[in-house]
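Residues: numbered from 1 along the sequence shown. Quick caveat: nothing in here was measured; it's all calculated off a predicted structure. One-based numbering, in listed order, for ligands and for the atoms of each.
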Amino acid sequence: MHINSNVYRGLSRQWPALLLVGLMLMWAPRSWALSVFACEPEYASLVQELAPEASVFSATTALQDPHQVQARPSLIAKMRRADLAVCAGAELEVGWLPMLQMKANNPKVRNGQPGMFYAAEQIDTLDQQVRVDRTQGDVHAEGNPHIQFSPARMATVATALAQRMGELDSANRDSYQANLDAFLSRWNAAVPKWEARAASLKGQQVIAYHSSFRYLFDWLGMTQVGDLEPKPGIAPTSAHLASLLQRTAQDEVMAVVYTGYQDGRGAQWLAQRASLPLVKLPFGPGEEGVNDLFDLYDQVIDGLLKAQGNAP
Ligand SMILES: [Zn+2]
């Protein structure tokens with residue numbers, strides 16, 4: 001009896017402290033966070049904007065060809081643990097993602113599940129093909145999947161992605177929405193500044209590698225008058241380079257453009273022969289000095305302005 005009452009008194013003394021601990025546990029940030037598998041670094045970057053506490057893994061770097069990826073065991077393991085996979089879609093990953101999905105055997109990220117998010121499904125892609133003839137090379141039939149350089153489309157993708165995260169993790173729905181609002185207000189403030197800086201590029205013609213920068217040129221009012229690839233996915237041949245060289249004699253071309261994972265030799269040869277500036281533009285966050293999508297846009301515009309002789 002005596003002992004019991006001591007225990008009771010002891011507990012009643014500790015009660016305020018226990019209550020405090022309980023409240024602190026309720027308020028503490030949840031330790032569980034979304035595990036996200038991004039196919040390309042631009043989507044890893046977008047996920048970080050919308051869900052800074054998520055654990056994000058990017059299957060490729062900006063210096064890797066996103067069309068050609070090995071379904072390595074480390075990628076399979078990451079995909080097996082993912083709550084959400086975020087990929088460009090429009091067949092960009094057709095050569096490797098289905099294999100990863102199959103081997104990872106994670107029902108959350110199967111096609112058609114809310115955990116499998118394709119950016120291209122949220123927007124209208126450019127250059128959709130009505131009829132595809134595979135003899136034309138590795139054609140993107142569902143339109144161009146390299147949408148990271150379309151600011152309007154990326155804003156639409158961000159909005160859809162924040163909503164999807166809220167569906168998968170409803171306890172944090174408000175924070176995804178708040179992060180989206182913060183991202184969009186920065187993004188929408190940056191876009192007109194980029195457009196003003198890039199104004200002199202409007203109407204300029206370039207020769208580039210693949211359709212990698214199609215959305216950038218479309219946005220800035222530039223035209224790609226030649227492709228270093230004779231067919232999509234095919235490296236430049238000497239006959240093709242010779243025909244491009246002739247092209248530069250007819251058209252007023254500002255520069256030859258390519259990106260890090262593409263073979264620079266053909267681009268170099270053409271630029272040298274045609275006495276044109278050669279520009280290597282970053283393709284995604286993670287390249288030197290490119291920490292996020294804002295840096296990416298800054299740098300591609302800087303690179304083009306430098307080639308034009310309008311160095312910032
Ligand atoms: Zn492509």
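- Between I76 and the options R72, R80, M79, a side chain to side chain contact (heavy atoms under 4.5 Å, CB included) holds for only R80.
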Problem - Candidate pair R153 and D124, rule salt bridge (Lys or Arg N to Asp or Glu O under 4.0 Å), full reasoning - result: CA-CA 8 Å; R153 288 178 179 84; D124 282 327; over 6 Å; no
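- Note on E167 versus R173: no salt bridge recorded, every NZ/NE/NH1/NH2 to OD/OE distance being 4.0 Å or above.
- Shortest non-hydrogen contact noted between P230 and P236 is CD-CA, 3.7 Å.
- Applying the ring pair (Phe, Tyr, Trp, His ring centres under 6.0 Å) criterion to Y215, with sequence neighbours excluded, gives no partner residue.
- Separation of the Y297 and W187 ring centroids falls under the 6.0 Å cut-off.
- Around the Zn ion (ligand 1), protein atoms of type N, O or S found under 2.8 Å number 4.
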